[in-house]
*Asks:* 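Just dropping this structure here.
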Amino acid sequence: MAARIVVALACIVVILRLSEAAVYKVGDSAGWTTIANVDYKLWASTKTFHIGDTVLFEYNPQFHNVMRVTHAMYRSCNNSNPISTFTTGNDSVTLTNHGHHFFFCGVPGHCQAGQKLDLNVINPTSSRPLSDPPISSDSSSPSSPPSTTTIPAAGVPGPSPSHAASLPNSAVAVVAALVSCLFANFAY
């Protein structure tokens, strides 16, 4: 009986942690582009990124890409040796550790024009604030499913404010199944 209670409490903790994950569409409705004159530094400063959050880069792959780079490469817009490159136009990156994550468009001139992003994932010991609902994709987004990649941070400390939260449907289903199995065993 005590073991079942412990498992039930563990499931509740999992639900609470999963409910904190958010999905952010980079650049909001404008997406990842040079045309809309999006200030990605300002965009990132209005968010608080946490471990487990996902950033979605939506863009026209004929004109843009996404490169994950080091801090030095980010500062100089050096695209000669990126950590990783994304080219689908609908790229999803899950943030797996705290610190800075650096991205830019590797098309010549785009980084220099401001198509670059520094995301700071806060330390997991920080408490998570209440926030606005998550950003959802609109009908103008590409029809291809997003490619998903999980990457570690570049390890450079720095500040960042506010966030969005959502609970993935698959996580809800898994936890609901676990809880129903547990409580089915409580019935006599």
Side-chain angles (χ1 to χ4, degrees), residues 17-18 20-28 30-126 128 134-135 137 141-142 144-166 168 170-171:
R17 290 298 302 155
L18 289 174
E20 295 176 359
V23 176
Y24 294 96
K25 181 179 173 186
V26 176
D28 296 324
W32 184 242
T33 184
T34 54
I35 297 172
N37 294 320
V38 177
D39 182 341
Y40 293 105
K41 184 175 183 174
L42 177 63
W43 178 85
S45 74
T46 65
K47 316 284 186 260
T48 300
F49 299 97
H50 297 269
I51 292 173
D53 288 350
T54 299
V55 289
L56 176 62
F57 292 88
E58 289 185 355
Y59 56 94
N60 184 332
Q62 293 178 328
F63 303 109
H64 304 286
N65 61 33
V66 179
M67 291 184 166
R68 179 172 179 250
V69 295
T70 65
H71 187 228
M73 294 171 73
Y74 173 85
R75 283 194 332 255
S76 65
C77 291
N78 175 356
N79 66 0
S80 64
N81 190 23
I83 295 167
S84 53
T85 302
F86 306 94
T87 59
T88 71
N90 198 21
D91 303 310
S92 184
V93 179
T94 302
L95 306 170
T96 60
N97 57 350
H98 71 281
H100 286 260
H101 299 258
F102 300 99
F103 303 91
F104 61 60
C105 180
V107 172
H110 288 200
C111 177
Q112 292 84 347
Q115 195 176 5
K116 58 195 275 185
L117 180 62
D118 172 3
L119 300 179
N120 183 35
V121 178
I122 65 168
N123 191 321
T125 59
S126 302
R128 192 174 187 97
I135 296 168
S137 298
S141 64
S144 62
S147 64
T148 303
T149 303
T150 302
I151 59 171
V156 178
S160 176
S162 127
H163 101 280
S166 68
S170 59

*Asks:* Assess, by modelled atom type and distance only, whether the side chains of Asn90 and Thr88 contain a donor and an acceptor separated by less than 3.5 Å.
*Replies:*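 Result is no, nothing qualifies.
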*Asks:* Got a second to check how far His71's NE2 is from Ser76's OG, nearest 0.5 Å?
*Replies:* 10.0 Å
*Asks:* Going through the checks in order, is the side-chain contact (heavy atoms from CB on, under 4.5 Å) test met by His50 and Ile122?
*Replies:* CA-CA 6 Å; His50 297 269; Ile122 65 168; 2.9 Å; yes
*Asks:* Rounded to the nearest 0.5 Å, what separates atom NZ in Lys41 from atom NZ in Lys116?
*Replies:*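 It is 9.0 Å, given to the nearest 0.5 Å.
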*Asks:* Return the CG to NE2 distance between Asp53 and His101, rounded to the nearest 0.5 Å.
*Replies:*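 So the CG of Asp53 and the NE2 of His101 are separated by 10.0 Å.
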*Asks:* Taking C-beta and beyond as the side chain, do Phe63 and Val107 meet within less than 4.5 Å on heavy atoms?
*Replies:*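 Contact flag for Phe63/Val107 side chains = no.
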*Asks:* Atom CZ of Arg75 and atom CG of Asp118: how far apart are they, to the nearest 0.5 Å?
*Replies:*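 One finds 11.0 Å between CZ of Arg75 and CG of Asp118.
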*Asks:* Is there any disulfide bond (SG atoms under 2.5 Å apart) pair reaching into residues 64-110, and which pairs are they, with sequence neighbours excluded?
*Replies:*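 Listed by first then second residue: Cys77-Cys111.
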*Asks:* Does the side-chain contact (heavy atoms from CB on, under 4.5 Å) test come out yes or no for Trp43 and Leu119, once each step is laid out?
*Replies:* CA-CA 10 Å; Trp43 178 85; Leu119 300 179; 4.0 Å; yes
*Asks:* Taking atom CG of Asn65 and atom CZ of Phe104, what is their separation to the nearest 0.5 Å?
*Replies:* 9.0 Å
*Asks:* Find the distance between CD (Gln115) and NE2 (His64) and round it off to the nearest 0.5 Å.
*Replies:* 5.0 Å
*Asks:* Can you say whether the rings of Phe102 and Tyr74 are parallel (under 30°), tilted (30 to 60°) or perpendicular (over 60°)?
*Replies:* tilted
*Asks:* Using the side chain to side chain contact (heavy atoms under 4.5 Å, CB included) rule, pick out the option among Thr33, Thr34, Val26, Val66 that qualifies with Tyr59.
*Replies:*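 Between Tyr59 and the candidates, side chain to side chain contact (heavy atoms under 4.5 Å, CB included) is satisfied uniquely by Val66.
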*Asks:* Any side-chain heavy atom of Ile83 within less than 4.5 Å of one from Thr70?
*Replies:*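 Result yes, sub-4.5 Å side-chain heavy-atom pair found.
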*Asks:* So, Asp91 side chain and Phe57 main chain: donor-acceptor pair closer than 3.5 Å or not?
*Replies:* no
*Asks:* For Asn60, which residues count as a side chain to side chain donor-acceptor pair (under 3.5 Å) partner, sequence neighbours excluded?
*Replies:*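 So Asn60 forms no side chain to side chain donor-acceptor pair (under 3.5 Å) with any residue.
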*Asks:* Write down the atom of Thr54, the atom of Ser92, and the distance for their closest heavy-atom approach.
*Replies:* CG2-OG, 2.8 Å
*Asks:* Evaluate the side-chain contact (heavy atoms from CB on, under 4.5 Å) criterion for residues Ile51 and Val121: first the C-alpha distance (whole Å), next the side-chain angles of each, then the deciding distance (0.1 Å), finally the verdict.
*Replies:* CA-CA 6 Å; Ile51 292 173; Val121 178; 3.8 Å; yes
*Asks:* Of all the heavy-atom pairs spanning Gly52 and Ala21, show the shortest one and how long it is.
*Replies:* O-CB, 3.7 Å
*Asks:* What verdict does the side-chain contact (heavy atoms from CB on, under 4.5 Å) test give for Phe86 and Val93, after you've listed the backbone C-alpha separation in whole Å, the side-chain angles of each residue and the deciding distance to 0.1 Å?
*Replies:* CA-CA 10 Å; Phe86 306 94; Val93 179; 4.0 Å; yes
